[in-house]
Novice: 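Quick one: this structure, given as structure tokens, is what I'll be asking you about.
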2 protein chains.
Amino acid sequence: MSVSQEEVQRRLDHFRDVCTRAGMKLTHQRTEIFREVAQTVDHPSAQIVFELVRKRIPAVSLDTVYRNLSLLNDLGLITTLGPPRESARFDANVISHHHFVCTQCGTARDFHNRGFDELRPPIEVESMGSVETTHVELRGLCLRCKKKAKKEA
Amino acid sequence: MSVSQEEVQRRLDHFRDVCTRAGMKLTHQRTEIFREVAQTVDHPSAQIVFELVRKRIPAVSLDTVYRNLSLLNDLGLITTLGPPRESARFDANVISHHHFVCTQCGTARDFHNRGFDELRPPIEVESMGSVETTHVELRGLCLRCKKKAKKEA
DNA sequence: ATGGATGCAAACCATTTGCAGTGTA
DNA sequence: TACACTGCAAATGGTTTGCATCCAT
């Protein structure tokens, strides 16, 4: 249930490589923050990462954790779950459906697709729990943002 | 790009039915809050719903909107986008993958599936924007929560 | 009439930011 | 040495809560 030593090492090497290339300094706290995320299969919140890192560096501050997670995300070294952080969004369409989410502006649009509704979960998921609903999220640029990006280029 | 009159009416009827059955009062603000969500294809945030409702009921308060959206969600009359609202979660696994999310405790687990990676977006999505990534989110009860639920029953 | 619902204000929690001091390259 | 990075503290933004009043049933 945890990431193999070799994989963690590989991720750390990649991390150092990308940071150096981007001109980012390899500070103690930055390395430990990345290590914690790299060696777990969970998806820890910033708060959890903070608590884990604090075991090794008692003086770290929560905002350093936030700053680094955000930076690591920008560098593509880690990703976040769910739509880009924003406020909760509601939907009166309770029938099974899926979403197209714009990674730029965050707008979401529904679409229906029988095939997506009936996706068969792979067997390995059985060891995680029982699946009740299936939800496909397609991410990309909406027409408006694509147009805007083209205009600015 | 908006919900048909008949569908809105159908949703409102259902809303009244469910509320009454659940012993909830059909207040003016509650009805208008539901109507706003029911008649749009967008996925408005609580703030947006607040602004829309305020046009008709200038004295509504934001917390009434929050309370009602949460209640409507509990009654299954509306749903929220993405994983149950909580703090952002990070992931050092940057390779394309999918998630199993427990609706009870919120824990998320990765899994890989070539078939899911290669899902073809339906044609109608082309009118929304260009798809860059595909992400399947399976929701259900994780083993631990299922065990706990059984024990409590 | 009466218990649930509302409005107000204050509390809360996750996340962000300004600033002065610190450590890496 | 210089500039990015850190810790601290205070600010912000979304959401929740306590309480007195109000209104749908």
Novice: Quick one: side-chain contact (heavy atoms from CB on, under 4.5 Å) partners of A:Ser130, sequence neighbours excluded?
Specialist: A:Glu132, B:Leu141, B:Lys146
Novice: Separation of B:Glu32 atom CD from C:dG7 atom P, in whole Å?
Specialist: 13 Å
Novice: Specify whether A:His135 and A:His99 have parallel, tilted or perpendicular ring planes, treating 30° as the upper limit for parallel and 60° as the lower limit for perpendicular.
Specialist: perpendicular
Novice: Run the salt bridge (charged side-chain N to carboxylate O under 4.0 Å, His left out) test against A:Arg21 and tell me which residues pass, sequence neighbours left out.
Specialist: A:Asp17
Novice: Just to verify, what does A:Gln29 make a side chain to side chain donor-acceptor pair (under 3.5 Å) with, not counting sequence neighbours?
Specialist: none
Novice: Just to verify, what does A:Arg144 make a side-chain contact (heavy atoms from CB on, under 4.5 Å) with, not counting sequence neighbours?
Specialist: A:Cys142
Novice: Figure out the CG/P separation between B:Leu26 and C:dG3, and round it to whole Å.
Specialist: 19 Å
Novice: Please name all residues satisfying side chain to side chain donor-acceptor pair (under 3.5 Å) with A:Glu51, sequence neighbours left out, ordered by chain then number.
Specialist: A:Gln47
Novice: Could you work out the complete set of other residues in the hydrophobic cluster of A:Leu119, with links drawn between I, L, V, M, F, W and Y side chains under 4.5 Å apart?
Specialist: A:Phe100, A:Phe111, A:Phe116, A:Val125, A:Met128, A:Val131, A:Val136, A:Leu138, B:Phe100, B:Phe111, B:Phe116, B:Leu119, B:Val125, B:Met128, B:Val131, B:Val136, B:Leu138
Novice: Within the distance-only criterion (no hydrogens, no angle test), does the side chain of A:Asp42 pair as donor or acceptor with the backbone N or O of A:Pro44 below 3.5 angstrom?
Specialist: no
Novice: Answer yes or no: does a side-chain N or O of A:Tyr66 lie under 4.0 Å from OP1 or OP2 of C:dT15?
Specialist: yes
Novice: Here's a test of your reading of the structure: between B:Arg67 and B:His28, which maps to the more 5' nucleotide of DNA chain D?
Specialist: B:Arg67
Novice: Applying side chain to side chain donor-acceptor pair (under 3.5 Å), name anything that partners A:Asp74, two or more places apart in sequence or on another chain.
Specialist: none
Novice: If an axis is fit to five pairs at each end of the helix from C:dA1-D:dT25 to C:dA25-D:dT1, what is the angle between the two, to the nearest 10°?
Specialist: 40°
Novice: For DNA chain C, which residues of residues 50-63 of chain A approach it to below 4.0 angstrom with any heavy atom?
Specialist: A:Leu62, A:Asp63
Novice: Would you please name every residue forming a side chain to side chain donor-acceptor pair (under 3.5 Å) with A:Ser61, sequence neighbours left out?
Specialist: A:Asp63, A:Thr64
Novice: With sequence neighbours excluded, what pairs up with B:Glu124 under the salt bridge (charged side-chain N to carboxylate O under 4.0 Å, His left out) test?
Specialist: none
Novice: Pull out every protein N or O sitting under 3.5 Å from an N or O of nucleotides 1-5 of chain D, one pair per line with the distance.
Specialist:
{"unit_1": "D:dC3", "atom_1": "O2", "unit_2": "A:Lys25", "atom_2": "NZ", "d": "3.1"}
{"unit_1": "D:dC5", "atom_1": "OP1", "unit_2": "A:Lys25", "atom_2": "N", "d": "3.3"}
{"unit_1": "D:dC5", "atom_1": "OP1", "unit_2": "A:Arg30", "atom_2": "NH1", "d": "2.6"}
{"unit_1": "D:dC5", "atom_1": "OP1", "unit_2": "A:Arg30", "atom_2": "NH2", "d": "3.2"}

Novice: Would you mind reading off the distance between B:Ile33 atom CD1 and C:dA5 atom P, rounded to a whole angstrom?
Specialist: 12 Å
